[in-house]
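Because the structure is predicted, anything quoted here is derived from the model rather than measured. Counting starts at 1 for both ligands and their atoms, following the listed order. Heavy atoms only: backbone and side chains are in, while hydrogens, waters and symmetry mates are out.
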Amino acid sequence: MTTTEGAAAGTGPSRVLVLNSGSSSVKYQLLDMRDHSRLASGLVERIGEETSRLVHTPLTGGGGEPRERTGRIADHEAALKAAADELAADGLGLDSPELAAIGHRVVHGGLRFTEPTVITDEVLKEIERLVPVAPLHNPANITGIRTAQALRPDLPQVAVFDTAFHTTMPEYAARYAIDVETADAHRIRRYGFHGTSHAYVSRKTAELLGRAPQDVNVIVLHLGNGASASAVAGGRCVETSMGLTPLEGLVMGTRSGDIDPAVTFHLKRVAGMSADEIDVLLNKKSGLVGLCGDNDMREIRRRVDEGDERAALAFDIYVHRLKKYIGAYSAVLGRVDAVVFTAGVGENSAPVREAAIAGLEELGLVVDADLNAVRSGAPRLISPDYARVAVAVVPTDEELEIAGQTFALIDN
Ligand code: ADP
């Protein structure tokens with residue numbers, strides 16, 4: 001697959017605007033691929049409400065103070081125009097000849113999109129065709145693409161798919177053991193998400209080990225508010241914990257992760273809940289928030305340290321699930337070279353890393369308490385020298401990965 005390594009900057013325009021359009025928010029970053037520097041970043045949130053907010057941070061020349069605008073921003077078009085105005089105020093407007101392309105995060109690429117793809121009318125139609133399997137995400141991504149196209153119709157726009165990295169999963173890992181005709185009629189299978197993060201972090205881990213990606217087997221634990229694990233063998237994903245939707249797998253901030261699917265019929269039949277209510281329960285009111293009322297790991301640890309039993313049980317359930325996946329993916333890979341933690345919880349929570357690896361000495365996994373306690377934004381090992389399997393912390397950078405993949409595609 002195309003990677004940031006492939007992005008050799010020539011003399012032409014070298015800036016890439018990365019857009020991540022959610023249902024009520026737009027995140028953006030402007031990067032220069034000549035030196036991978038960040039020129040600006042921003043967030044527009046609560047689009048369509050009276051309390052919309054735009055926060056724009058200039059990042060050139062040592063950076064500047066974030067600028068904030070509040071008040072209703074009616075829709076995605078207005079949000080992107082407001083972001084473009086902020087960029088223009090820093091001399092980085094979308095009309096700049098330095099802008100080479102816009103890279104869009106697109107959540108669901110189905111089976112069709114295995115690589116970053118230049119967006120044509122046909123590609124956009126295909127992304128629309130995937131709305132039934134990604135009803136919460138793809139519509140917002142499409143709106144973001146259309147709005148950006150209207151602002152700069154002449155500029156290449158590239159879709160980078162969350163699912164693409166996982167399309168290398170073997171069929172026996174991707175298929176659910178349900179009736180094949182029903183599954184195929186409704187495109188029900190395991191797609192996986194957070195793919196740009198798993199791709200970036202597994203590659204960076206190989207770099208940290210001083211080895212080529214094709215020579216290492218890595219278990220990546222992306223633990224943010226959403227969380228997923230993947231098993232990456234020689235640079236190719238062979239298993240991942242999210243499935244048809246991002247609900248499957250690990251315990252997350254507000255999502256249950258794995259449960260017996262019969263829980264859903266039970267809730268319908270016995271509790272009289274509708275499909276939509278069960279959807280909200282499992283996606284928004286479960287996971288850490290459902291178990292203890294908080295989904296921020298810092299707050300949960302504070303409560304655990306004060307002796308709060310609900311918080312302690314939530315923490316134990318979270319860590320137990322992680323351990324199960326580390327064990328399962330060790331078996332799937334056969335030989336593991338590294339287990340790597342990333343995203344908000346993975347990069348910052350030493351107690352989660354310590355507890356997830358504790359007791360796994362038989363698998364060659366050990367964490368050094370002093371190394372684990374170090375606070376750093378750099379990729380680092382937290383296992384002792386003698387350990388058979390490396391344990392690492394590698395900060396993820398989805399924007400850089402999207403910009404790199406976008407630039408590599410249009411620069412060729
Ligand atoms: P997402 O991109 O999925 O919204 P992030 O990767 O930014 O999420 O992770 C957010 C989560 O990271 C927070 O909900 C919190 O639980 C956790 N987090 C952030 N900073 C810390 C920290 N210093 N210690 C422990 N957990 C942290």
Side-chain angles (χ1 to χ4, degrees), residues 18-29 41-46 55 57 105 107 136-137 140-141 160 162 192-201 204 220-230 240-242 245-257 283-306 308 310-312 314-319 321-322 340-356 367 372-380 382 393-402:
V18 175
L19 285 182
N20 181 352
S21 306
S23 57
S24 66
S25 71
V26 175
K27 289 186 203 148
Y28 60 93
Q29 258 189 36
S41 74
L43 163 71
V44 189
E45 56 188 355
R46 296 193 289 275
V55 182
T57 309
R105 176 189 182 216
V107 168
L136 298 178
H137 296 103
N141 301 155
V160 178
D162 255 26
F193 298 89
H194 291 144
T196 44
S197 178
H198 287 283
Y200 176 83
V201 169
K204 284 281 155 191
V220 181
L221 303 169
H222 175 112
L223 312 178
N225 203 21
S228 62
S230 68
T240 195
S241 59
M242 285 177 165
T245 77
L247 182 56
E248 191 178 344
L250 300 175
V251 176
M252 312 185 205
T254 65
R255 297 188 195 122
S256 63
N283 275 296
K284 300 247 158 63
K285 297 182 180 170
S286 296
L288 292 169
V289 96
L291 289 166
C292 74
D294 274 310
N295 61 343
D296 190 315
M297 193 51 79
R298 285 162 289 201
E299 182 58 16
I300 292 171
R301 283 306 309 176
R302 196 191 59 71
R303 286 173 54 189
V304 172
D305 291 342
E306 282 177 354
D308 183 319
R310 269 184 72 184
F315 183 82
D316 289 348
I317 293 170
Y318 184 91
V319 165
R321 185 80 52 86
L322 268 176
V340 55
F341 290 88
T342 194
V345 176
E347 290 166 29
N348 295 299
S349 180
V352 165
R353 296 191 298 254
E354 183 194 331
V367 162
N372 192 31
V374 171
R375 296 206 135 270
S376 160
R380 57 200 185 272
I382 57 168
V393 180
V394 174
T396 192
D397 195 335
E398 289 163 280
E399 288 78 15
L400 177 60
E401 182 68 14
I402 292 172

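Judged by distance alone, the side chain of Arg46 and the main-chain N or O of Ser24 form no donor-acceptor pair under 3.5 Å.
Counting all heavy atoms, side chain and backbone alike, Ser21 lies closest to Asn141 at O-ND2, 2.9 Å.
Using a heavy-atom distance under 4.0 Å as the criterion, the protein contacts of ligand 1 are Gly224, Asn225, Gly226, Asn295, Asp296, Met297, Arg298, Ala343, Gly344, Val345, Asn348, Ser349, Arg375.
Here the rule is side chain to side chain donor-acceptor pair (under 3.5 Å) with Asp162, and of His194, His198, Arg105 only Arg105 fits it.
Sequence neighbours left out, not one pair with a member in residues 341-350 passes salt bridge (Lys or Arg N to Asp or Glu O under 4.0 Å).
Comment: Asp308 does not engage Arg310 in a salt bridge, judged by the lack of any side-chain N to carboxylate O separation of less than 4.0 angstrom.
Proximity of Ser228 to His222: side-chain heavy atoms (C-beta onward) are separated by under 4.5 Å at one or more points.
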